[in-house]
Amino acid sequence: MKQQIKKIVLDAAKKAFKNGVLPSDEIPEMEIEEPRHQSQGDYATNFAMVSASLQKMAPRKIADSLVSQIEIGGWVEKVEIAGPGFINFFLSKEAWHPVVDKILGQDKRYGASTIGKNEKVQVEFVSANPTGPLHVGHGRGAAVGDSVANILSFAGFDVQKEYYINDSGRQIRTLGTSVYLRLIQKTGKQIDFPDECYKGDYINDLADQILEQEGSSFSQKDEGEAISTCAKFAAKKILNSIKEDLSRFGVTFDQWFSEQSLYDTGRVQKAIDDFKSKDLIYEEDGALWFRTQDFGDEKNRVVVRNNGLTTYFASDIAYHMEKFERGFDKVIDVWGADHHGYIKRIDASVVASGRESQQFEVILVQLVNLLRGGKPFQMSTRAGEFVTLKDIVDEVGKDAARFMFLSRSYDSGLDFDLELAKQKNSDNPVYYVQYVHARITGILLKAKQEGGIQDIDFQKGKHLELLNTIEEIQLLKILNAFKENVEKSAKTRHPHVIFTYLMTLASAFHGYYNKHKVITDDRQLTLARLSLVLGVKKVIRNALTLLGVSAPERM
RNA sequence: GCGCCCGUAGCCGAGUGGAUAAGGCGUCAGCCUCCGAAGCUGAAGAUCGCUGGUUCGAUUCCAGCCGGGCGCGCCA
C-alpha cells in the first residue's frame, strides 16, 4: 500500500515538472508515513517539506503543485494539504479489504519479505561456557538471538544459528579440577577449595556421578589423569544439560562450534602467523600484541602471553576469520552488555583480515534484574547460588518467559518479575495476546457447530465489502502493516517491534470483539466477519512464531 | 578518569527528524440472561533529565553537564 502511494507521489512529481508547475525534477529522500490521527488521513508524505530547498519554493506551494497533478479515483478518495505542507491521502474502505485474501492465501508466509535478498547471515548467541548451567542473562540472550534469527529468516535472509563452545583446555581444566577436588573431599580428606574453582551444587552432583561410575578407587588415581577424566565427563554432561535447557526454552542451533577445533586444525596459529606477516602483531615484554589501536581500539591487546599460552582473544580472531571463510556476508554476535569492551578488538580483527566493518555486528543485550513480587531477588554467583534458566522455565513456562524477555528493547536493562510472569491476567502481556488466538478459535468453533459453516478454513475472504465499521477498517489497517513491521524489526534487529505490533493488534481485536458480534443473523455479514477474524488469528500466530511463543487454541 | 547503554506521567515503558507524545500498571467511574470478563469503555495524570547547538521543524541528531547500569587484566 505504501509503495502504491509512493508511486502516485513520484508520478505526480514527474508530471508537475513536465507541465512546468515545479522547477526541478529532482526527487529528494522522502517518507510515506501513517499519521497519528484519523483526521490526517491514512497516509501522508513530507515530500513538499523536504523538497523546499531543491525547488526553492515554500512547502505548501509545492504541495499545491503536486496535488494538482494527482487524479482522484480508485482507492484514493481524497488528498489534502495540511500543517506545514504534509500531503494527506484518504483511502476508501474498499482499499483495505484485499488484505484478508492475502492473509488467507499466503497463510504461514503472510508477512514474509524479500528484503534480505538471500544474504547469508550468521547469528551466534548464548555461547556460554560449558562450566555451569545457563542463568537468566543467558535466557534473555537466547530469546533475543533466536527471535532475531527467526525474523531475519522471515525477512528473506539466509540465516544460520550457531553456538560457540568455549571448550579449550583452560577453563575446562578448571572445571575438571573443581569436580576432582569435591570428589576428593567426599572421600573424607580435608583440603582447601580454591577460589578460582566453580562452587555450585552441580559440581557436587557431578562428583557423585563420577564416584558412582568409577568406584572409590578413582581417588587413588594419578591426579593429572583423574582431573582430565573429570573434565571430559563434566563438560559433556553440562553441555548436554545446556542443550536440553535451551530446547525446552524453544531454542535450537544449526551448529555447535568447538573452540578446541580451532586449535586442533591449527587455525589459531595460522591466524597469528598471518597477522605477524602483515606486521599487525609484534612482540613486547615477551608477549605477542595485536595492533588493535590502529583500528580504533584504546590500546593494543595481547594474543600470546609471555608464558606462551594464547589468550581468548587469539581464538576469537581465528573464529571470526573462520566464520567469514564459510561464506557469510554478515556475522552477528549476541553478547551480554558486560562484554561491550570486546567489540572494538573483534571488529579490529575482522577489518584486519580484509572484511568490511559493517559485515560484523554485535547485538548488546543489557542485563536482567530478577525480581520476585517487585523485590530484588538475592543471588550470589560467588557461592554458586543463582536462578537458572531451567528454574525460570519450570516456574513460569517457556511462553511467558520468552515474551517477557522480548517485551522491551534489549538496549535497556530488564526487570524480570517471577510473580508477574506467572500471573494469568492482563498484567501479563503473553496472555493478553494468546487470548486473542484462543478466543478466535472459540468463535470459529461455534460458527462451525451452531452456524453450520462447514469448511471454515477459508482460502479467500467472503463478502468482504460488508466490512465497513471503523473498528473493522482499523483492524484491516493493522493487519496490512504486519509486513512493514517485520521489515522494520529485521532492519533494526529489534524483536520488540514485533512485540509492540502484537499488543496493538490484540488490543484492536479485543475492542472489536466487545463492540461487535462476529456471528450474527445476517449470514453474509457473518461470513465476512469470520474471514476477518480468521485473518487476525493467522497474523497473531505468525507474529508469535517469530518470537518463539506458541499460539494456543485453548487456554 | 576513560568507554558503552539508559534517563519519556506516581511506576513500567513505545515512539528516534515532522502536525494533537502509544500502551500498560496504579487511581476514579462504568460494562457479563449475549461468540471465552485471562476481555472492554470512559476520566484524571507529561516543562520527553538540564543547558546550548544543527534544522523550515528536535523527545528524536551533535556538544557539555547531572543521574543510573555495565565494563576498563599478559582473567575467562
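Within every chain, numbering begins at 1; the chains are lettered A, B, ... in the order of the sequence lines, protein sequences first and strands thereafter. The basis for the numbers below is simple: all heavy atoms, side chains too, and nothing from hydrogens, waters or symmetry mates.
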Using the rule for Phe, Tyr, His and the six-membered ring of Trp, do A/H510 and B/C40 stack at under 5.5 Å and under 30°?
no
In this structure, how many angstroms lie between the C1' atom of B/A22 and the CZ atom of A/F499, rounded?
13 Å
What nucleotide, of B/G13, B/C6, B/G71, holds the atom closest to the side chain of A/S412?
B/C6
Would you mind telling me which residue lines up with the more 5' stretch of RNA chain B, A/A438 or A/D415, judged by nearest nucleotide?
A/D415
Base B/G3 paired with A/H340 side chain (donor-acceptor, <3.5 Å):
yes
Look at the side chain of A/S407 and the backbone N and O of A/M404, then say whether any donor-acceptor pair between them is shorter than 3.5 Å.
yes
Carboxylate-amine/guanidinium proximity below 4.0 Å for A/D457 and A/K538
yes
Check the phosphate of B/C72 against A/Y342, side-chain N and O only, distance under 4.0 Å to OP1 or OP2. Yes or no?
no
Paired nucleotide for B/C2 [Watson-Crick or G-U wobble; both distances under 3.5 Å]
B/G71
Euclidean distance, atom NE2 of residue A/H494 to atom P of B/G13 [Å, nearest integer]
15 Å
Whom does B/C35 pair with, Watson-Crick or G-U wobble, provided both distances fall under 3.5 Å?
none
Nucleotide paired to B/G7 in any strand shown, Watson-Crick or G-U, under 3.5 Å
B/C66
Per atom distances to the A/K299 side chain, the nearest of B/G18, B/C74, B/C5 is B/C74
Think A/H496 has a side-chain N or O under 4.0 angstrom from the OP1 or OP2 of B/G15?
yes
Determine the Euclidean distance between corresponding C1' atoms of B/G23 and B/U41; express it in Å to zero decimal places.
16 Å
What nucleotide among B/C35, B/C5, B/A14 has an atom nearest to a side-chain atom of A/D411?
B/C5
Presence of A/R36 side-chain N/O under 4.0 Å of B/A19 phosphate oxygens OP1/OP2:
yes
A/N46, nearest nucleotide to its side chain (from B/G18, B/A14, B/C40)
B/G18
Starting at atom CZ of A/F295, determine the distance to atom P of B/G3, rounded to an integer number of angstrom.
22 Å
Gap in Å between the two C1' atoms, one belonging to B/G10 and one to B/C28, rounded:
15 Å
Identified pairing partner of B/G42, criterion: Watson-Crick or G-U wobble below 3.5 Å
B/C28
In terms of the angle between their ring planes, are A/W335 and A/Y342 parallel, tilted or perpendicular, with boundaries placed at 30° and 60°?
perpendicular
According to the Watson-Crick and G-U wobble definitions, with both distances under 3.5 Å, which nucleotide is paired to B/G23?
B/C12
Would you kindly check whether a donor in the side chain of A/N88 faces an acceptor in the base of B/A19, or vice versa, at under 3.5 angstrom?
yes
Is there a donor in the side chain of A/S315 and an acceptor in the side chain of A/E259, or the other way round, less than 3.5 Å apart?
yes
Is there a Watson-Crick or G-U wobble partner for B/A58 with both distances under 3.5 Å, and if so, which one is it?
none
Of the nucleotides B/C70, B/G13, B/A19, which one has an atom closest to the side chain of A/L367?
B/C70
Determine whether a donor-acceptor pair (N or O, by modelled atom type, separation under 3.5 Å) exists between the side chain of A/N428 and the backbone of A/A421.
yes
Is A/T292 reaching over with its side chain to a backbone N or O of A/K299, donor-acceptor style, under 3.5 angstrom?
yes
Please check the phosphate of B/G36 (OP1 and OP2 only) for any side-chain N or O of A/K517 closer than 4.0 Å.
no
When the P atoms of B/U55 and B/U60 are considered, how many whole Å apart are they?
16 Å
Do A/D167 side-chain atoms and A/Q260 backbone N/O form a donor-acceptor pair below 3.5 Å?
yes
With respect to the phosphate group of B/C40, does any side-chain polar atom (N or O) of A/Y432 fall under 4.0 Å of OP1 or OP2?
yes
Of A/G83 and A/A287, whose nearest nucleotide on RNA chain B comes first from the 5' end?
A/G83
Out of B/G18, B/A76, B/G15, whichever nucleotide has its closest atom nearest the side chain of A/P84:
B/G18
In this structure, how many angstroms lie between the C1' atom of B/C56 and the CZ atom of A/F86, rounded?
12 Å
With syn defined as a glycosidic angle within 90 degrees of 0 and anti as anything else, the base of B/C72 is anti
